[in-house]
Amino acid sequence: MDRNFRSILTGSFSTPCADNPTVAMIEAGFQHAGLDARYINCDVKPAHLGEAVRGALAMEWAGFNCSLPHKVAVIEYLDDMAEAARIIGAVNCVSIRNGKLIGDNTDGKGFLASLRTVIDPADKKVFLLGAGGAARAIAVELGLAGAAHITVVNVEKSHADTIAALVRDNTKCEATAQLWEGDARIPAGTDIVINATSVGFGDAEAMAAVDVNTFEKGQVVADVIPNPPTTRFLREAKKRGCTPLEGLGMLVNQGVIGVELWLGKTLDATVMKRTLSDIFNTSDAD
Ligand code: NDP
């Protein structure tokens, strides 16, 4: 009987990397699918990124994630980029196909896959809090998915201006920037509200400054924060009859999409979510 002792190799390059749980989530998915594949979480310093990329190529990895601080720096090593990644200007997922390195960005795609479980963003009005890397990726994917209008709200307004211009210039979606002063008021008729700031990460009581009385019943209110999954932002929205969407789903879908790009196989999202929930010491029960 033929035996095969060669595993498919994937992984992640970032620094610091020790607190990144993606490896546990993806390897649980590989195991559940019966795949002889590994995801290796590598601490790669900026000065060694080129060597790491060439190493992955030399060892015929199927692909790898690039997290902070390499999402922009990795671009110079790539042969090609997907449209959204090109518009966003950042790559967090690289596929190796026939010796060529292809860059994608799964931040926004993971968010959209999660969002689509509760609403189709086409023709919708979006209120987006934050203008960092996550907000940029989400705004571009929402624009490409046919959202009608995005208001980008940020304390440093110039960052919001940049994202709004990026969406207007590259998609059919209308986009405007707004200075974030005091408690932001959500305009009446908004369909989707998103916290894409880092406020709430690791702190169940922290909340982005929003006038909670402007949440509208029936609105979808999403958070990018994966841990804790049920942020105060989502709890306040749910109290007012909104549909909350946890950031944990965005993280799980990024894993699913990455493996689809690398191996052409769809892992079980439920198994992966359970693994992360256990790590974050939470329960899926709501
Ligand atoms: P960045 O550092 O690029 O951006 C952070 C954003 O938050 C900026 O717009 C910043 O505003 C804003 N911000 C920070 N503090 C405050 C505050 N007190 N009030 C208002 N705004 C504030 O980070 P990322 O975009 O990369 O990540 C943001 C969050 O998204 C992180 O917590 C990260 O964990 C999470 N994330 C989740 C993912 C998932 O899969 N669930 C994937 C990627 C990220 P300013 O521009 O004015 O400085």
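Counting starts at 1 for both ligands and their atoms, in listed order. These figures come from a predicted structure and were not determined experimentally.
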Listed partners of Asn105 passing side chain to side chain contact (heavy atoms under 4.5 Å, CB included), at least two apart | Ala85, Ile88, Ala90, Asn92, Asp107, Ala137

Electrostatic pair Lys109-Glu141, nearest N-O below 4.0 angstrom = yes

Do you see a donor-acceptor pair shorter than 3.5 Å between the side chains of Thr230 and Glu246?
-> yes

Do Phe127 and Trp180 have ring centres separated by under 6.0 Å?
-> no

Filter the ligand 1-protein atom pairs down to N or O on both sides and distance under 3.5 Å, then list them.
from	atom 1	to	atom 2	distance (Å)
ligand 1	3 (O)	Gly133	N	3.0
ligand 1	7 (O)	Ser198	N	3.4
ligand 1	9 (O)	Ala131	N	2.8
ligand 1	9 (O)	Gly132	N	3.3
ligand 1	9 (O)	Asn154	OD1	3.0
ligand 1	11 (O)	Asn154	OD1	3.4
ligand 1	25 (O)	Gly133	N	3.0
ligand 1	25 (O)	Ala134	N	2.8
ligand 1	40 (O)	Leu251	N	3.3
ligand 1	40 (O)	Gln254	NE2	3.0
ligand 1	41 (N)	Val224	O	2.8
ligand 1	41 (N)	Gly247	O	3.0
ligand 1	46 (O)	Asn154	ND2	2.8
ligand 1	46 (O)	His159	ND1	2.8
ligand 1	47 (O)	Asn154	ND2	3.2
ligand 1	47 (O)	Glu156	N	3.2

Residue list, side chain to side chain contact (heavy atoms under 4.5 Å, CB included) with Lys239, at least two apart or on another chain = Glu236

Those residues at least two apart in sequence (or on a different chain) that pass ring-ring contact (aromatic ring centres under 6.0 Å, His included) with Phe233 are Phe215

